[in-house]
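One structure is given below, encoded as structure tokens.
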Amino acid sequence: MSIQAGKDTIYIDVDDEITTIIDKVRDSEHRIVALVLPKRAAVLQSIVNMKLLKRTADRAKKHLVLITSEAGLMPLAGAVGLHVAKTLQSKPEIPDGPQGGRAEDDEDTVDMNGNADEDAPLDKHRPIGEYAAGAAGLAAMGDADEDAIELDNADVDNLPDAPAKGKKAKKSKLDKKLKVPDFNKFRLWIMLGGVGLVLLIFVLYMALSVMPRASVAIRTNSSAIQTNQDITLDTAAKTVSTSSLTVPAKQQQTQKTTTQQVAATGQKDNGTKAIGTIYFYDCNMQDLIFGNTVTLPAGTAVSTNNLTFITMQAVVVPPSHFNGDQSCKKDVKSSSVGIYAQSAGDKYNLPASNYSVSGNNNVIGVGSATTGGTSQIVTVVSQADIDGAKQKLAAADTAAIKSELRQALQGQGLLPIDATFAAGTPDVSTSANVGDEAANVTATQKATYTMLGVNQNDVKQIIAFEVKQKIDPTKQSILDYGLDSMSFRLQSQQAATAVVTLTDTAVAGTDINVNDIKKQVAGKKAAEAKSIIGTYPGVTNVTVNYSPFWVTSIPKKTSKITVTIEKPTVKNAK
């Protein structure tokens, strides 16, 4: 293979091995070979690989120039004597080696016309791009090689072609060959595609498996029968009696202690009581005529200005004389006795006053000034406070207690009868008595609450006995006992029994098994499902609905099918 004059530009990929680069240098048909290195060319970071590359160029009698601006490659290239240029338009030179020296420049010379001289050194003052001018027949120094490319640490994928003077720049065919795909973007598209696929599968699963529903409404010639019966719930009964309408019951009870506290509103004066003295006149003419006297015992109440005082000793009151106009002369009086105020308080400190005597209007008291009364008001418990606390206990919400009893009966498999809820006679106590000094008073109530429960099957026997008297059992059977809607109203209650009114609406007609219907219509179209159900005796109409709108048949899963038998109008049975 003959070596042609001129320059060959070889672009090195970041993944190329040293053997690949050596093969590209050997295969080049040009005397001058410019290796355009990518950023971070790891393969040439080794001094061994750099020497192999230099030896290959020497044996092939080719001038090798590395096109790179990476500072890390400069010492290695200088150590083995390889020329380096920053761009294809830069002047090549051998950089300094690791010790600051430079390998001996023994490269062959190339003239301006691209003619190689094996004995002439490479002109380091000329751009590497000019060596191709001779091969192309270019005579001027200003004409640039059409393959000249500005290179500044950019990735080789993004290198543009350098335009020649006076000509339109030609697109390098080599650039197209060396364009590296964007693997990050490729990976992103793969991830987005995977997510989209999973989402599509999920949507299809929801739309075709989870969301489809079907409802089937069946109308029959059945009839509804309402019953009203007074039944007796008896805790002593062992079996149901349809003749006496007695149902065995169980009493569930719980004892609760509740408290209510109210603020004390009464007041009491703990001050001192005023005292004084008093004497009396008996102005009763009959006592004067008959010579009688009046005896006032100790503790007699006397009042003035709406204030009451109490006498300390007993006193005998002689009768007084009268004037000609029948008025009392008040000339005869009793001895003086002490009095004290009924209650403490400075309001009982009074001047000398006349007093009325409790229980004797003919006796008049005349008292001295009273003194020594002082006031010290404290809060005490009043009867109204105690009554208020008890009223709060009576009005307390018992919903939680009812719920507790109901759950206890249900836990035993029994049907709770809320109407039988009752509270026993409460035992109420208070934390203080009337007149006690206290800021508040607490009322505590202990009571026993009860509720009756019955076996649901026992109630069904009572309902069945009543309903069967209103239908023809040979043609109809009880389809629904109405247990979900039945109600109880209390009539009377004693300790162990209760009489309640049972109100119920049962449905009688042709028996249709809902589960069998679901299995038979699963996966069928509406028309086929109607035809299947229509064969049942007593069926008068069938309606099938799908959801959502895209569903065109009944789902195959019976759990997705709802079958309802329309209830007939109520027929009273009295």
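What you see is a predicted model; the values in this text were computed from it and never measured.
For the residue pair Asp269/Ser375, the side-chain donor-acceptor check at 3.5 Å is satisfied. Neither side chain, Gln253 nor Thr450, offers a donor N or O lying under 3.5 Å from an acceptor on the other. For the residue pair Gln461 and Asn457, no side-chain donor N or O sits within less than 3.5 Å of a side-chain acceptor on the partner. A donor-acceptor contact closer than 3.5 angstrom links the side chains of Gln412 and Lys250. Side-chain polar atoms of Asp282 and Ser320 form no donor-acceptor pair below 3.5 angstrom. A donor and an acceptor atom, one from each side chain of Gln491 and Thr501, are located under 3.5 Å apart. Using modelled atom types, one finds a donor on one side chain and an acceptor on the other under 3.5 Å when comparing Ser327 with Asp325.
Using cut-offs of 30° and 60° for the angle between ring planes, the Tyr449 and Phe421 rings count as parallel.
With contacts defined as side-chain heavy-atom distances shorter than 4.5 Å, the pair Thr562/Val216 does not qualify. Between Tyr279 and Val317 the shortest side-chain heavy-atom distance does not fall below 4.5 Å. Side-chain contact between Ser215 and Thr564 is absent, with no heavy atoms from C-beta onward closer than 4.5 Å. The shortest side-chain heavy-atom distance between Leu296 and Val357 falls under the 4.5 Å cut-off.
Within the 6.0 Å centre-distance limit, the rings of Phe309 and Tyr348 are counted as a close aromatic pair.
Closest non-hydrogen pair, Ala314 versus Val337, comes out as O-CG1, 4.2 Å. Residues Lys560 and Val210 share a closest heavy-atom pair of NZ-O, 3.0 Å.
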| field | Residue pair Glu566, Asn541: steps toward the side-chain contact (heavy atoms from CB on, under 4.5 Å) verdict | value | CA-CA 10 Å; Glu566 294 184 9; Asn541 186 55; 5.6 Å; no
| message | Please determine whether side-chain hydrogen bond (donor to acceptor under 3.5 Å, both in side chains) holds for the pair Asp385 and Thr265, giving the CA-CA distance in whole Å, both sets of side-chain angles, and the decisive distance to 0.1 Å. | response | CA-CA 7 Å; Asp385 299 333; Thr265 60; 2.6 Å; yes
| request: Given side-chain hydrogen bond (donor to acceptor under 3.5 Å, both in side chains), test Asp387 with Gln391 step by step and report yes or no. | output: CA-CA 6 Å; Asp387 293 342; Gln391 288 174 5; over 6 Å; no
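With values rounded to the nearest 0.5 angstrom, Ile231 atom CD1 is found 11.5 Å from Glu466 atom CD. Once rounded to the nearest 0.5 Å, the distance linking OG of Ser487 with CG of Asp418 reads 11.0 Å.
Looking at Thr379, its side chain never comes within 3.5 Å of a backbone N or O of Ala439 through a donor-acceptor pair.
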